[in-house]
Amino acid sequence: MTGVVLPPASRNSLCPCGSGSRYKECHGALGVPAPAVDPETDRRSAVLAAALAAQRAGDLVAAEASYRAVLSEVPEHFDALHMLGVVMLQENRLDEAEMLIARAVVLRPGIVAAQENLAIVRQTRVALASEDSICRAVMPRLARLCLDPAPMVLAGVGARDPVHVVFGGARSDVLLAQRIAAAATARGADVEKGNGGESGPPGWLPIDEARLAALADATVIVVGLDAPLGEWPLSASPRSMTLVATRDAPCLLLERVREASGQGRRRVALATPDAAVAEAALLPMRHFASLEDT
Amino acid sequence: MTVPTGWPRERGTGLSPSGQGAMSDVRAIAFYLPQYHPIPENDAWWGEGFTEWTNVRRARPNFRGHAQPRAPGELGWYDLRDASVRAAQAALAKAHGVHGFCYYHYWFNGRRLLEQPLDAMLASGAPDFPFCVCWANENWTRRWDGLEHEVLLAQRYSIDDSANLFRSLLPLFQDPRYIRINGRPLLLVYKAQLVPDLAATAARWREMAAKSDVGNPFLVACETTNLPPPATFGFDALVEFPPHRHQAVRLNAMIPGLRKDFTGIVTSYRAQVAQSLRRAPGNEPIFRCVMPAWDNTPRRLECATTFVGSSPEIFGWWVEQTAAETRARFRGEERLLFVNAWNEWGEGCYLEPDIRYGRQYLEAFRDALRSKATQDGQAVIDASVKLSGP
């Protein structure tokens with residue numbers, strides 16, 4: 001399978017697909033515009049160019065915002081639909097990716113890059129469906145790494161207790177992370193907040209992995225399943241480690257339980273605000289309606 | 001899955017092989033890399049004191065959460081010239097359901113490389129642990145640095161040379177520890193497709209075996225590429241060799257924090273498992289092979305191929321499925337299941353304990369071979385598991 005073809009800096013550059021042709025004659029034929037020659041004269045092109053630059057630089061949040069700004073003015077804008085779809089693919093949001101790129105392909109059926117990216121999204125979805133099925137099959141084997149019954153998210157947290165809230169979710173999990181941090185603060189805990197994902201709550205700084213790795217006797221709450229935790233749980237010795245799941249994603253749950261457990265070094269507490277997620281989990285997972293119903 | 005009849009069943013003995021009956025009559029054979037001691041050739045090509053550990057130590061993460069570098073667990077940064085290391089490996093393998101090791105055998109027109117561990121094991125009689133060999137008939141190249149074309153030591157094939165190789169193996173076949181199938185010594189060839197006159201070579205080997213009374217060799221070609229049925233080139237069977245032949249789903253775009261100069265592939269371990277289990281070898285003479293994980297960052301750095309998403313649970317499930325299928329498809333001593341690998345540390349592909357997982361992959365392996373599903377040899381693929389896909 002070929003990779004996603006992102007436009008090169010210049011349309012005269014070789015196409016990144018490896019064809020040997022120039023981009024403007026290959027995947028870029030009639031496709032994504034080059035960065036505007038004179039951004040002052042074409043505001044929308046400038047926004048798209050900035051979005052593309054952000055996307056190439058890995059700043060998917062900025063790229064998404066710019067593409068959406070264009071789409072709010074021109075809902076059927078081919079380039080914005082297509083490249084926003086690619087951003088969604090990069091963020092593993094495959095439903096949205098397929099919808100957006102499919103709309104782009106309907107608008108301009110002849111653009112090869114969009115067709116190929118749509119094919120990648122669809123093949124990835126099919127492949128991941130098999131993977132979900134495998135992860136569900138093995139999920140019960142992870143029960144030995146989970147606390148049973150699962151305690152409440154803030155169980156035992158009192159005044160001055162060190163609490164680390166680590167954001168590791170999607171953008172829709174931001175409010176939940178803020179609520180959990182606020183609830184811990186309301187109990188008088190010493191709360192530290194860190195962003196371990198792509199798009200954390202405003203003001204939350206990136207997690208300090210070295211500091212987390214040295215943690216002892218703190219309550220750690222990871223909100224969301226999307227972001228890899230990294231290796232700090234291998235050496236940390238927290239008082240408790242809680243994973244808050246916000247959607248039914250068996251492979252992500254498996255990966256996060258494995259990581260949070262320090263690859264088998266401790267048991268993890270699982271919780272979710274969504275009853276359906278708890279039901280689908282196949283692992284002991286606490287459903288909470290509110291954070292203060294303990 | 002329906003249980004096929006045909007090749008394996010007709011030729012099987014129905015007898016349980018010795019040694020593992022209490023655990024599982026599926027015999028698991030793990031590929032064994034001997035490149036853990038310095039040799040003059042590697043000193044010259046790679047620098048003084050080079051071993052596989054040199055590569056393992058230099059690896060660095062290519063993305064956030066990338067588990068590199070790896071480091072060995074209880075066996076340490078061992079040297080395979082040390083008999084106590086070889087004994088500890090065999091004890092650990094045996095305790096976790098590994099029946100034997102398949103040693104890579106390097107033969108370049110009479111010149112052998114990395115032969116010391118095998119020769120020491122043969123000469124000393126220890127460890128008392130079953131073994132077989134795989135002729136690693138690739139050119140010796142600088143591939144770890146990505147320079148595919150720089151050949152350090154080339155194969156120059158001839159039937160006479162292949163006959164010399166086989167003659168040198170005759171004493172091994174006479175060792176009581178040598179792995180046999182119904183009396184026939186098991187010999188693997190890594191890239192059989194590279195051997196000219198392969199069928200004639202196989203015929204010559206069989207003649208030589210008949211004259212020397214070691215038993216007709218059971219010849220197995222590794223599936224490093226798509227191969228025709230083994231009978232067409234004079235062999236008895238194929239063995240899968242994951243991740244060879246894997247159809248990689250490229251996940252690079254979805255990997256957070258992937259370094260900008262990364263030119264390799266990040267792909268999915270779970271997709272590898274799904275592809276393996278979608279295959280239905282039926283009554284074809286193809287032995288199954290599983291891998292615990294795979295990541296050749298130590299050898300290829302930013303050009304690596306990295307499978308993400310392995311865990312002892314998924315590996316164990318894969319072993320369970322393939323072992324049950326092996327039990328259903330084969331009879332008696334033909335029930336072989338291969339593992340890539342016991343100790344391919346440069347490819348992140350090992351059962352041996354490491355600092356992150358300890359013995360968890362070994363334990364998952366042992367438990368899978370003992371599980372009821374494996375023992376029953378039925379319901380190979382759980383009906384709830386849907387393996388659609390490319």
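Keep in mind that this is a model prediction, so the values were computed, not measured. The analysis underlying the following values was restricted to heavy atoms, covering all of them including side chains, and did not include hydrogens, waters or symmetry mates. Residue numbering restarts at 1 for every chain, and letters A, B, ... go by the order of the sequence lines.
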**Nearest non-hydrogen partners of A/Glu131 and B/Ser268, listed with the distance** = OE2-OG, 2.7 Å

**chain B contact via A/Arg122 - which portion, at a heavy-atom distance below 4.5 Å** = neither

**Request:** Tell me, with the steps shown, if B/Leu277 and A/Ile134 meet side-chain contact (heavy atoms from CB on, under 4.5 Å).
**Result:** CA-CA 11 Å; B/Leu277 295 178; A/Ile134 290 173; 5.6 Å; no

**Message:** Looking at A/Glu279, I'd like to know if its CD atom is crowded, meaning that more than 12 non-hydrogen atoms belonging to other residues, nucleotides or ligands lie closer than 6.0 Å.
**Reply:** no

**Item:** Region of A/Cys135 in contact with chain B, defined by heavy-atom distances below 4.5 Å
**Value:** side chain

**Polar side-chain atom of A/Gln263 near backbone of B/Gln360 as donor-acceptor pair, under 3.5 Å** = no

**Message:** Counting C-beta onward and ignoring hydrogens, is there a side-chain heavy-atom pair between B/Glu313 and A/Leu145 closer than 4.5 Å?
**Reply:** yes

**Message:** Report which part of B/Ile355 has an atom under 4.5 Å of a heavy atom belonging to chain A: side chain, backbone, both, or neither.
**Reply:** backbone

**Item:** Audit row: B/Arg64, A/Glu198, salt bridge (charged side-chain N to carboxylate O under 4.0 Å, His left out) steps and yes/no
**Value:** CA-CA 11 Å; B/Arg64 196 185 309 152; A/Glu198 296 288 296; 3.5 Å; yes

**Interface moiety of A/Leu252 toward chain B, non-hydrogen atoms closer than 4.5 Å** = neither

**Prompt:** In Å, rounded to the nearest 0.5 Å, how long is the span from CG of B/Leu251 to CD of A/Gln90?
**Reply:** 12.5 Å

**Proximal component of A/Glu259, with respect to chain B [non-hydrogen, under 4.5 Å]** = neither

**Request:** Identify the heavy atoms of A/Thr124 and B/Met254 that sit nearest to each other, and give their distance.
**Result:** CG2-CE, 3.6 Å

**Complete:** Okay, B/Ala67 and chain A: the region with an atom under 4.5 Å from a heavy atom over there is both

**Request:** Would you mind checking which part of A/Arg265 comes under 4.5 Å of any heavy atom in chain B, side chain (CB onward), backbone (N, CA, C, O), both or neither?
**Result:** side chain

**Message:** Is it true that, when you exclude B/Arg279 itself, more than 12 heavy atoms of the residues, nucleotides or ligands shown sit nearer than 6.0 Å to its CZ?
**Reply:** yes

**Item:** chain B contacts, top residue of A/Leu234, A/Leu142, A/Leu229 (heavy-atom pairs, under 4.5 Å)
**Value:** A/Leu142

**Request:** Please tell me if the side chains of A/Ser130 and B/Arg278 come closer than 4.5 Å, counting only heavy atoms from C-beta onward.
**Result:** yes

**Message:** Can you tell me how far apart CD (B/Glu320) and CZ (A/Arg141) are? Round to the nearest 0.5 Å.
**Reply:** 4.5 Å

**Prompt:** If you take all heavy atoms of B/Lys260 and A/Arg56, which pair is closest and at what distance?
**Reply:** NZ-O, 4.3 Å

**Prompt:** Side chain, backbone, both or neither: which part of A/Leu60 has a non-hydrogen atom closer than 4.5 Å to chain B?
**Reply:** neither

**Minimum heavy-atom distance A/Glu255-B/Gly309, with the two atoms named** = OE2-CA, 4.2 Å

**Message:** If I measure from the heavy atoms of chain B, does A/Arg258 come under 4.5 Å with its side chain, its backbone, both, or neither?
**Reply:** side chain

